[in-house]
2 protein chains.
Amino acid sequence: MDNQENILNIALNLFTLKGYEAAGVQEIVETANVTKPTLYHYFGSKRGLLDALLKKYFDVITKKAEEACTYSGDLPFTLTRVTETFFNFAKKNETFYRMQMAMCFSSTGSEPFIATKDYNIKLLALLEKMFLLASEDHGNMKNRQKRYAFTFLGIINSYISLYLNSGIKLNDEAVYSAVHQFSHGIYS
Amino acid sequence: MDNQENILNIALNLFTLKGYEAAGVQEIVETANVTKPTLYHYFGSKRGLLDALLKKYFDVITKKAEEACTYSGDLPFTLTRVTETFFNFAKKNETFYRMQMAMCFSSTGSEPFIATKDYNIKLLALLEKMFLLASEDHGNMKNRQKRYAFTFLGIINSYISLYLNSGIKLNDEAVYSAVHQFSHGIYS
DNA sequence: CATTTACTATACCGATCGGTATATTTGTTC
DNA sequence: GAACAAATATACCGATCGGTATAGTAAATG
């Protein structure tokens, strides 16, 4: 088993279970059955480990979101595709999504928040760009891309949060529901 | 200046800014211009300090939520009143609401999550009870009180999160919007 | 005035924190 | 097989962690 990958997996579990600050480096290496120098050889620091972990998963969701966000004249269709993309990613990477949401809601001065900030900004920018293109076809949403991006991702994350904590299904019905709930907020 | 109250205020600020784990007892007492024994005299432990802080604010919102959740036959009216109650509390206690949301989204095994758990369950139970009463008048929502309570609070917190992080106003329009967005999810 | 109670300061505790210096092992290349 | 770089182990670092023993002060009570 690859030590580097193993450390990443253990770190993901411990960060998710106990939180980034509460999970000690010592605990991580013990659980992964390696020693500290091994961890520091690969990642340089605890923060470096976190960064590597975030990059590993955020690169995936960012790329998928990029593809899903291409606007082709049909906004409901695009919104549905984006929602499906996020739901599928969350289902495939439950633990990571748990960790990521906790970090995104953590204190603005904390390391986890700072480490995830740019990734979340990037995701919002993709949504914003999509809404900007769509605004040429929907006059009533001009100059509101930022808020729409924020609220849309907010609704998506609400559903994912419900999935993770309350056990609802993220099926086609949930996608439909999320998209329509957001649209209802837009067009009224 | 009352040392006890002062420590609570400083702790609220530091927990919110840096997170519960990252904010050290030493830092708290230095910022509050007291010494450790003073803090431990009043609160017994760091966890005791957190508990006192949570109790101070949660007791207020819980009481207000209790009043607002009394169902009187008019569900939209009750939902509006509940939403207003939460919005007003969040506006009056921005820092606390920030901290509380971070803790509620934090790792399920972390101290802050455990410390806030019962309070959040209590709030959800109040909403649940309201939906249960209302279900006698709305046949199509039988046995769904739990999910409705969860999603309703989720939407409320989404709006408050937007208010805290993106600067939207929590005015009557926002209340109307939140209630209708939730209702749209229910009745469809 | 004596006593008690609430409160606060000095100084300290063991444990753990993130991180590293040094040495040894492992696998690859010439 | 010699030389070299990557990877891992032993043992350790100063700093900080949450928490406390002891002693003293301040104010109220007898």
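Model, not experiment: these values are computed from the prediction. Naming convention: chains lettered A, B, ... in sequence-line order (proteins, then strands); numbering from 1 in each chain.
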Basic-acidic side-chain contact under 4.0 Å: B/D51, B/K55: no

Atom NZ of A/K36 to atom P of C/dT24: distance rounded to whole Å? 22 Å

Which of parallel (below 30°), tilted (30 to 60°) and perpendicular (above 60°) describes B/F96 and B/F58? perpendicular

Restricting to pairs with a member in residues 80-98 of chain A, which pass salt bridge (Lys or Arg N to Asp or Glu O under 4.0 Å), not counting sequence neighbours? none

Side-chain N or O of A/N3 closer than 4.0 Å to phosphate OP1/OP2 of D/dT8: yes

Can you check the A/N6 CG to D/dT8 P distance for me, whole Å? 11 Å

Figure out the CG/P separation between A/D2 and D/dA6, and round it to whole Å. 16 Å

May I ask you to list the residues of residues 39-54 of chain B, by number, that have any heavy atom positioned under 4.0 Å from an atom of DNA chain C? B/H41, B/Y42

Is A/K129 salt-bridged to A/E66, going by a charged N under 4.0 Å from an acidic O? no

Answer with yes or no whether the side chains of B/E111 and B/Y20 bring together a donor and an acceptor at under 3.5 Å. yes

Can you tell me the distance, in whole Å, between the NZ atom of A/K18 and the C1' atom of C/dT16? 12 Å

Nearest whole Å is fine: how far is C/dA9 C1' from B/N33 CG? 13 Å

For A/Q26 and D/dC17, give me the distance from atom CD to atom C1', rounded to whole Å. 15 Å

Considering residues at least two apart in sequence or located in another chain, which fulfil the salt bridge (charged side-chain N to carboxylate O under 4.0 Å, His left out) criterion with B/E5? B/K56

Hey, does B/A23 reach any base, or is it just sugar-phosphate, or nothing, if we go heavy atoms under 4.0 Å? sugar-phosphate

